[in-house]
Amino acid sequence: MKLQVPKGCRDFFPAEMAIRNWIVDRWQDVSVRNGFVEYDGPIFETLDLYRIKSGDEIVSQLFHFEDRGGREFAIRPEMTPTLARMVAARANSLSKPIKWYSRPRLCRAERPQRGRLREFFQWNIDILGEESEIADAECVFVAIDFFRSMGLTAEQVEIKLNSRAIVSSLLHSAEIADEQLPAVYAALDKRDKLSIEAFAEMIGELGLTEKQQDVLLHMGEAKGEDGFARVESLLAGNEAGTNHCRSLRRVFAILKSMGVEEYCTYDMGVVRGLAYYTGMVFEAFGKGGLKRAICGGGRYDRLVSDLGGPPMGGVGFATSDVVVQDVLAEFNLLPDLSSAGGFFVIDSDAERFDDVLTIVSALRNKGINAQFSYKRQGVNKQFKQATAMGAGRVVIIESDYVTSKAVSLKDMKSGKQVTINVEEWLKNPFCEVPE
RNA sequence: GUGAGCAUAGCUCAGUCGGCUAGAGCACCUGGUUGUGGUCCAGGGGGUCGCGGGUUCGAAUCCCGUUGUUCACCCCA
């Protein structure tokens with residue numbers, strides 16, 4: 001029997017682990033510099049936590065189990081219910097705005113496909129207790145800050161913004177009933193993935209009038225500044241709709257002040273399939289061959305109270321290590337992490353091995369990465385090993401070391417080498433290596 | 001959950017009208033070149049050809065099933 005990694009899961013050998021850590025570290029750096037603090041919850045939750053939000057249908061899509069007492073649990077498939085539960089538990093004692101991030105490992109019992117595995121890491125950014133557009137804009141900014149931290153330019157990714165509130169105003173003015181909105185949102189969310197005929201057929205099945213269908217048919221076409229202006233004129237006589245437009249304008253204005261407007265565009269086609277969004281929504285897309293959204297999020301002003309908490313608005317987004325890696329690979333931006341950059345100490349003579357151990361230990365005591373060969377062999381072979389281990393600097397203990405105390409320090413990247421007194425060098429192991 | 005393609009060494013792949021002990025490059029290990037690597041030379045280990053069954057004198061090669069994987073759908077938290 002061949003033992004293999006479970007379907008849709010990954011082994012992380014050192015090379016893959018280095019990339020995963022690099023991505024997760026970017027998540028952490030970006031979160032912290034934008035003023036977010038980290039939280040976490042249990043790896044599994046009671047099954048009811050997910051039933052409340054999504055109904056029984058969700059059960060087939062997650063990994064669940066019973067303990068010996070018959071209590072039902074599920075490995076967490078998302079972070080939002082945990083977040084809402086935690087925030088609700090201490091809602092009154094947390095200072096606002098609550099700016100939290102998390103990097104949970106999640107599992108979903110789905111069939112794997114591109115950008116979607118059964119086990120993955122997700123980055124969650126949320127701002128709660130702040131209803132203004134400033135929080136909306138800051139969320140978008142954090143996503144862009146992350147893209148920039150990985151080297152993704154505005155030519156490579158874009159963020160499409162819209163507002164559920166604006167969409168809902170448009171639908172109301174077309175006299176589409178509230179109970180039809182979820183189905184209409186779901187249809188609009190798919191518009192850009194379908195041919196115009198398929199989309200027409202889809203909305204034809206929603207039980208709408210010809211005129212209403214016509215509105216939907218043309219709605220998603222509104223893109224960019226021109227599209228936004230057209231939406232504004234459509235809602236000119238609608239006070240609520242006009243306010244929603246003004247609100248989204250404000251988000252764009254803040255993003256412009258933060259210097260990231262080149263990444264952002266208006267797109268009526270983005271509405272998000274999820275039921276709980278109430279205001280601004282956004283999705284990021286790679287401009288290359290990948291069509292899948294890289295990250296997505298929006299404002300959810302009723303979610304916390306729906307999950308048993310106090311009335312508290314929130315805005316947030318999430319992305320996963322899987323899609324991030326796909327996008328980076330597409331633009332050839334995955335970093336070369338093969339070089340550890342530490343020291344490798346070589347003896348020019350097996351008699352000097354004790355001195356290798358002494359110097360390695362001196363470096364390690366300073367907290368510096370230092371390695372050596374387990375085998376007493378020629379300088380050539382030791383150099384090969386140093387290269388294989390990704391050493392940044394090689395230290396050669398000279399054969400007359402006993403009397404001269406001389407070591408040679410070689411920078412592996414530049415190829416430059418200098419001979420120096422060992423005590424002198426250990427005062428500053430990273431000293432410049434001249435020609 | 002539905003449909004289709006793929007499945008040969010760690011990796012990328014050769015190898016089919018079914019036929020001698022299944023190959024290459026890279027990677028890995030060993031030795032040499034008796035003090036300088038990433039870009040030398042020689043040798044070596046490693047695969048029951050995803051797994052199970054069938055057809056056949058004989059299957060990596062044909063058929064069925066199964067598992068994994070890829071792509072799309074459902075779903076997308």
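Chain A is the first sequence line, chain B the second, and so forth, proteins listed ahead of strands; every chain is numbered from 1.
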* Heavy atoms from other residues, nucleotides or ligands near CG of A:Asn332 exceed 12 (cutoff 6.0 Å) ->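 No, CG of A:Asn332 has 12 or fewer neighbouring heavy atoms, counting only those of other groups under 6.0 Å.
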So is A:Arg26 actually on top of A:Phe146's ring, under 6.0 Å and inside 45° of the axis?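 No, A:Arg26 does not lie over the aromatic ring of A:Phe146.
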Practice prompt. Flag this pair as yes if the NZ/CZ of A:Lys160 is under 6.0 angstrom from the six-membered ring centre of A:Phe282 and inside a 45 degree cone about the axis; otherwise no.
Written response: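 Geometry flag: not set, cation outside 6.0 Å or 45°.
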How close or far is atom [atom2] of [N] from atom [atom1] of [X], stated in whole angstroms?
{"X": "A:Tyr277", "N": "B:C76", "atom1": "OH", "atom2": "P", "answer": "12 Å"}
{"X": "A:Asp400", "N": "B:G35", "atom1": "CG", "atom2": "P", "answer": "15 Å"}
{"X": "A:Gln122", "N": "B:C76", "atom1": "CD", "atom2": "C1'", "answer": "11 Å"}
{"X": "A:Arg108", "N": "B:G1", "atom1": "CZ", "atom2": "P", "answer": "18 Å"}
{"X": "A:Arg272", "N": "B:C75", "atom1": "CZ", "atom2": "C1'", "answer": "14 Å"}
{"X": "A:Glu398", "N": "B:U36", "atom1": "CD", "atom2": "C1'", "answer": "11 Å"}
{"X": "A:Phe383", "N": "B:C40", "atom1": "CZ", "atom2": "P", "answer": "16 Å"}
{"X": "A:Gln382", "N": "B:G37", "atom1": "CD", "atom2": "C1'", "answer": "12 Å"}

Measure from the side chain of [X], starting at C-beta and using heavy atoms only, and say which of [options] lies closest.
{"X": "A:Arg111", "options": "B:U2, B:C75, B:G35", "value": "B:U2"}
{"X": "A:Arg116", "options": "B:G35, B:C76, B:C73", "value": "B:C76"}
{"X": "A:Pro112", "options": "B:C76, B:U69, B:G32", "value": "B:U69"}
{"X": "A:Asn380", "options": "B:G35, B:U33, B:U67", "value": "B:U33"}
{"X": "A:Lys7", "options": "B:U67, B:U69, B:C73", "value": "B:U69"}
{"X": "A:Val379", "options": "B:A4, B:G35, B:C75", "value": "B:G35"}
{"X": "A:Arg114", "options": "B:G35, B:C71, B:C76", "value": "B:C71"}
{"X": "A:Gln4", "options": "B:G3, B:G68, B:C76", "value": "B:G68"}

Which is true for [X] with a 4.0 Å heavy-atom rule: it touches a base, it touches only sugar-phosphate, or it touches nothing?
{"X": "A:Gln385", "result": "nothing"}
{"X": "A:Gly115", "result": "nothing"}
{"X": "A:Lys384", "result": "base"}
{"X": "A:Leu62", "result": "nothing"}
{"X": "A:Ser60", "result": "nothing"}

Please measure how far the [atom1] atom in [N] lies from the corresponding atom in [M], and state the result in whole Å.
{"N": "B:G54", "M": "B:U69", "atom1": "C1'", "answer": "25 Å"}
{"N": "B:G25", "M": "B:G35", "atom1": "P", "answer": "30 Å"}
{"N": "B:C29", "M": "B:G45", "atom1": "C1'", "answer": "7 Å"}
{"N": "B:C71", "M": "B:C13", "atom1": "P", "answer": "15 Å"}
{"N": "B:C28", "M": "B:G52", "atom1": "P", "answer": "32 Å"}
{"N": "B:A14", "M": "B:G47", "atom1": "C1'", "answer": "15 Å"}
{"N": "B:G44", "M": "B:A4", "atom1": "C1'", "answer": "44 Å"}
{"N": "B:C6", "M": "B:C76", "atom1": "C1'", "answer": "26 Å"}

Using Watson-Crick or G-U wobble geometry with both distances below 3.5 Å, tell me the partner of [N], or none.
{"N": "B:G18", "value": "none"}
{"N": "B:C76", "value": "none"}
{"N": "B:U12", "value": "B:A24"}
{"N": "B:G45", "value": "none"}
{"N": "B:A7", "value": "B:U67"}
{"N": "B:U34", "value": "none"}
{"N": "B:A59", "value": "none"}

Is the closest basic N to carboxylate O distance between [X] and [Y] below 4.0 Å?
{"X": "A:Arg85", "Y": "A:Glu45", "answer": "yes"}
{"X": "A:Lys7", "Y": "A:Glu119", "answer": "no"}
{"X": "A:Asp145", "Y": "A:Arg33", "answer": "yes"}
{"X": "A:Arg116", "Y": "A:Glu110", "answer": "yes"}

Would one find a side-chain N or O of [X] under 4.0 angstrom from OP1 or OP2 of [N]?
{"X": "A:Lys375", "N": "B:U30", "answer": "yes"}
{"X": "A:Lys410", "N": "B:G37", "answer": "no"}
{"X": "A:Lys190", "N": "B:C75", "answer": "yes"}
{"X": "A:Lys416", "N": "B:U36", "answer": "no"}

#### Entry: Base B:G32 paired with A:Lys381 side chain (donor-acceptor, <3.5 Å)
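It does, because a donor-acceptor pair links the side chain of A:Lys381 to the base of B:G32 below 3.5 Å.
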Any donor-acceptor pair under 3.5 Å joining the side chain of A:Thr387 to the base of B:G38?
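In this structure, the two groups form no donor-acceptor pair.
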Between A:Gly8 and A:Ala388, which residue's closest nucleotide on RNA chain B lies nearer the 5′ terminus?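 Its nucleotide being nearer the 5' end, the pick is A:Ala388.
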Quick check: A:Tyr266 with A:Phe228 (ring centres under 6.0 Å apart)?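 For A:Phe228 and A:Tyr266, the ring centres are under 6.0 Å apart.
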Exercise for the section: Classify the ring geometry between A:Trp123 and A:Trp27 as parallel (under 30°), tilted (30 to 60°) or perpendicular (over 60°). Expected result: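 The arrangement is parallel - the two ring planes meet at less than 30°.
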